[in-house]
Asker: 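Before I ask anything, let me first share the structure, which is written out below as structure tokens.
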Amino acid sequence: MVASANLGFPRIGLRRELKKALEEHWAGRRTEAQLLEAAAALRREAWSLQQRLGVASIPSNDFSLYDHVLDTCAMLGAVPTRYAWDGITVDLDTYFAMARGRKAGGPKPGAPAMEMTKWFDTNYHYIVPEFEAGQRFRFASNKVLDEFLEARDLGLRTRPVLLGPVSFLLRGKAKSPEVQPLMLLDAALLVYGEVLRRLKAAGAEWVQLDEPCLVLDLDPEARAAYVAAYASLRAQAPGLRLMLATYFGDLGENLTLAMDLAVDGLHLDLQRAPGQLERALAQAPGWLTLSLGVVDGRNVWRSDLRRLGDFVDRAVQARGADRVQVAPSCSLLHAPLDLELETRLDAELRSWLAFGRQKLEEVVVLARAASGETAAVAAALAENRAAMESRRTSTRIHDAAVGARMERVGEELLRRAAAYPERRRAQQERLRLPPLPTTTIGSFPQTAAVRAARAEWRAGKRSEAQYREYLEAEIAACVRFQEEAGLDVLVHGEFERGDMVEFFAEQLRGYAQTEHGWVQSFGSRYVKPPILFGDVSRPAAMSVRWSAYAQSLTARPVKGMLTGPVTMLQWSFVRDDQPRAETALQLALAVRDEVADLERAGIRLIQIDEPAMREGLPLRRAEWPGYLDWAVRAFRLASSGVRNETQIHTHMCYAEFGDIIEAVAALDADALSIETSRSQMELLGAFGRYRYPNGIGPGVYDIHSPRVPTRQEMVDLLRKALAVLAADQLWVNPDCGLKTRRWEEVRPALLEMVAAAREVRAGLT
Ligand code: GLN
Ligand code: ZN
């Protein structure tokens, strides 16, 4: 029998119950016991659903109240000193203090939260483990055991999931020069060993150890750590079977390493890296169970079961049915939960989609088909084939006009008419900006009132005209404020946008929105990415009316504000039937049209935001050049259609850019605003060394903090910047949009920022 397996189920609940329970608990409106009961109910529901679907190997400990990496910190007692933990077991209060910080004034000292960053190339953020001088570990959370027993009491023997020790350490950060994460391996293994022994004693047969770091470029030390770690775990818990789970890419040169580890099973991501199946079949020792991650755990499309079935059959022929499992490519944490809830999507589009639950149905069908239950799955396979055919041939997906336009995209569309120095002269003549011009990144505070107005309009409780009037009043007030504050380049404030991707996706052809397609971003924050299903085109202008309205109110230049093609792609579920590069170019054409309309409407500066440019980088260095090449082309296609005197800006954040600076320069934007204020302009070293040629605005106001920066701090930052950049290329701006801040913070901060610019300007010779 070929077994079906799941690597992890979404935690958030069909109706986002976990969010509600957590946030009410944090607000003091739900007791700890009530929160824990809500969480237990979600686990029961997930287990029973997976049982009903017929999944043979069902995970436990995939649930988390906040984050599974934080859970692993708790398991190991890796609690930074600042939380004043008692060192016995990690209680919920300590756990949430690590996740969210703790305010001063209570019985325990105030402490900032642990750092958070993106989990590999997903949009999920994990809590970064911290390792201090003298770091020790101890078994400090019984969660893994508790959840295994909880399922056992329900009559279910689960396969508990643990983040593997090497990936845990490699994703953490040493906080002291004396510590290297891998130095802590032996200490971590003692705790892992204890957990495994206890699981075995409680009746576990298999444990899943996630080691996604195996798909990265590894140095010899990390490779040696893998060998040592798994030899130790095997020795510490003999008889317990270990499934080593890898995902998000190809094991590449680490395949042999993984095969040789002391484990009983190996999970491969065959969605991202189908080519590794043959290599694995050729090398796998006879006793190794191969788990085939064929169903895409990262996207929303139905699988082509015929194609995947061939894969599974191939593995079964080579290894025998008992040594093969079928699974999603990775945990379903990254997929929305259940398509059944989507009642507004039309039937055709729905028939092309599969969310978490549907993906498990596919896994089960594939496993049954490979086990010879042909009659039982015949109907499901036939239905799948019909859906595949409909998607392949649908005219909603394939738009001949877009295809024809794509064919005409030649190099000449990727270049501005003149080189930067000449454009600069033309722009300066037209804009007449002072040196060190001041501006913002686009959004102004999204107050509760703004959000309420949008919600009412969406619910039909506010007419189109009323909503528009409301937004125009907001824009007018925002423009007035910026004029009074003395900013040089104004913005309209983005009050019409809830989200910078959703706003455009809703207006583009080829995109659809879901009602409940939420995925966890971090903690209790979820995102609902739009679905890009077909050829993209722009039926009508999307942002022009708001920018033009703002411009009509002032003589100062108003900067148009668009989301770039790479960010649109990165933050959507995108079609899997053509290369991402091609989809990015289609998006770029749509943005290009919008840019042209803005220019025609008299907008003199246009900012095309690409905050996700850096995070789109492939996990393996060798693939960076290919990605950067098409990402740069997409941006240039979007931005190069304007006249020389129209100034193109871009904005990037959430990352360090030192290692992709050449690609950033190749965008050839006239000005770039970039996040730096938290790193105290560290980044500028790179820009200075590289001699970044065009305009650049390193953020001087950290908008991630409610703190209002002082004039002197910003003066100092500008002087630092001037040490490596020319005065005539420097812009003065915050480091990101102001939408999450309050007006009470933004008003004084921008006044100080303008004053700082004036002060430094006065000192220029
Ligand atoms: N223009 C956007 C804003 O100001 C940019 C957001 C971002 O960088 N993530 O909100
Ligand atoms: Zn930003």
Side-chain angles (χ1 to χ4, degrees), residues 116-118 123 125 438-447 450-451 454 471 474-475 478-479 481-482 487 489-505 521-522 525 527 529 542-543 546-547 550 558-572 591 594-595 598 603 605-616 635 638-639 647-657 664 667 669 671-679 683 696-705 731-743 745-746 749-750 753:
M116 183 167 75
T117 194
K118 294 215 172 205
N123 279 325
H125 300 69
T438 52
T439 190
T440 59
I441 307 305
S443 57
F444 270 75
Q446 283 266 330
T447 58
V450 171
R451 280 180 276 128
R454 183 164 45 250
L471 291 174
E474 288 295 308
I475 292 171
C478 186
V479 166
F481 164 73
Q482 293 173 82
L487 285 151
V489 171
L490 314 192
V491 296
H492 73 283
E494 300 185 22
F495 304 107
E496 77 287 5
R497 307 181 190 176
D499 174 272
M500 65 189 288
V501 168
E502 177 192 56
F503 174 76
F504 293 103
S521 169
F522 65 90
R525 301 291 191 88
V527 293
M542 303 181 284
S543 67
W546 310 115
S547 295
V558 170
K559 185 162 62 163
M561 208 47 69
L562 303 175
T563 303
V566 180
T567 300
M568 291 292 296
L569 185 83
Q570 208 52 38
W571 292 349
S572 305
V591 178
E594 186 73 7
V595 167
L598 282 168
I603 301 299
L605 303 90
I606 299 164
Q607 178 171 309
I608 304 174
D609 290 324
E610 286 290 18
M613 178 79 92
R614 172 72 173 64
E615 70 183 52
F635 183 89
S639 60
Q647 189 167 78
I648 296 290
H649 285 227
T650 187
H651 165 71
M652 295 183 183
C653 53
Y654 305 133
E656 284 141 33
F657 293 89
V664 173
L667 300 177
L672 159 72
S673 61
I674 197 160
E675 178 181 325
T676 44
S677 62
R678 267 184 300 184
S679 60
L683 171 78
I696 177 165
V700 291
Y701 159 21
D702 174 9
I703 66 90
H704 301 91
S705 156
W731 282 75
V732 180
N733 46 257
D735 64 2
C736 197
L738 304 167
K739 69 190 281 191
T740 56
R741 296 268 64 91
R742 298 178 310 136
W743 274 105
E745 297 149 6
V746 161
L750 291 180
M753 187 186 86

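Atom set for the values below is all heavy atoms of this structure, side chains included, hydrogens, waters and symmetry mates excluded. Both counts, for ligands and for their atoms, begin at 1 and track the order of listing. Note that this is a predicted model, so its numbers are computed, not measured. In this chain, numbering begins with 1 at the start of the sequence shown.
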Asker: At the Zn ion (ligand 2), what is the angle formed between atom NE2 of H651 and atom SG of C736, rounded to the nearest 10°?
Answerer: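 NE2 of H651, the Zn ion (ligand 2) and SG of C736 span an angle of about 130°.
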
Asker: Mind checking whether C653 has an N or O less than 3.5 Å away from an N or O of ligand 1?
Answerer: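 Min N/O separation from ligand 1 is not below 3.5 Å for C653.
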
Asker: What is the minimum heavy-atom distance between M561 and R497, and which atoms define it?
Answerer: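 In this case the closest contact between M561 and R497 is O-NH2, 2.8 Å.
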
Asker: Work out which heavy atom in E496 is nearest to a heavy atom in R454; give both atom names and the distance.
Answerer: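 That would be C-NH1, 3.7 Å.
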
Asker: Counting only heavy atoms, which portion of P611 has something under 4.0 Å from ligand 1: side chain, backbone, both, or neither?
Answerer: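 The answer is the side chain of P611.
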
Asker: Can you name the atoms of ligand 1, numbered from 1 with element, that are less than 4.0 Å from a heavy atom of G442?
Answerer: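 Checking each atom against G442, I get 4 (O).
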
Asker: Between F504 and S572, is any pair of side-chain heavy atoms under 4.5 Å apart?
Answerer: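 Side chain of F504 against side chain of S572, heavy atoms only: no contact under 4.5 Å found.
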
Asker: Would you say S443 and ligand 1 have an N/O pair spaced under 3.5 Å apart?
Answerer: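 N/O-N/O distance under 3.5 Å: yes.
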
Asker: Give yes if a backbone or side-chain nitrogen or oxygen of D609 is under 3.5 Å from a nitrogen or oxygen of ligand 1, and no if not.
Answerer: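 Yes: some nitrogen or oxygen of D609 is under 3.5 Å from one in ligand 1.
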
Asker: Just which atoms of ligand 1 are under 4.0 Å from any heavy atom in C736?
Answerer: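 Once the distances to C736 are compared, the set is 7 (C), 8 (O).
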
Asker: For L672 versus V664, what's the shortest heavy-atom pair and its separation?
Answerer: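 Shortest heavy-atom separation between L672 and V664 comes out as CD2-CG1, 3.5 Å.
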
Asker: Under 4.0 Å from any heavy atom of H651, which atoms of ligand 1 are there?
Answerer: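 So the atoms of ligand 1 that pass are 8 (O).
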
Asker: Are E615 and W571 linked by a side-chain donor-acceptor pair shorter than 3.5 Å?
Answerer: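 On atom types as modelled, these side chains qualify, holding a pair under 3.5 Å.
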
Asker: P445 and V746: which non-hydrogen atoms are nearest, and at how many Å?
Answerer: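 Heavy atoms only, the tightest pair is CG-CG2, 3.9 Å.
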
Asker: Is the contact between M652 and ligand 1 made by the side chain, the backbone, both, or neither, using heavy atoms and a 4.0 Å cut-off?
Answerer: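 It is neither; nothing of M652 touches ligand 1.
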
Asker: What's the shortest heavy-atom distance between I703 and P734, and which atoms?
Answerer: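 Heavy atoms only, the tightest pair is CG2-CB, 3.7 Å.
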
Asker: Enumerate the atoms of ligand 1 whose separation from the nearest heavy atom of G737 is less than 4.0 angstrom.
Answerer: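 Those qualifying, in numeric order: 3 (C), 4 (O), 10 (O).
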
Asker: Give the atom numbers and elements of ligand 1 that come within less than 4.0 Å of a heavy atom of M500.
Answerer: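 Close to M500: 6 (C), 7 (C), 9 (N).
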
Asker: So is there a nitrogen or oxygen of W571 less than 3.5 Å from a nitrogen or oxygen in ligand 1?
Answerer: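 By distance alone, the answer is no.
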
Asker: Please name the pair of heavy atoms, one in V491 and one in K559, separated by the smallest distance, quoted to 0.1 Å.
Answerer: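 What the structure gives for the nearest pair is CG1-CE, 3.9 Å.
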
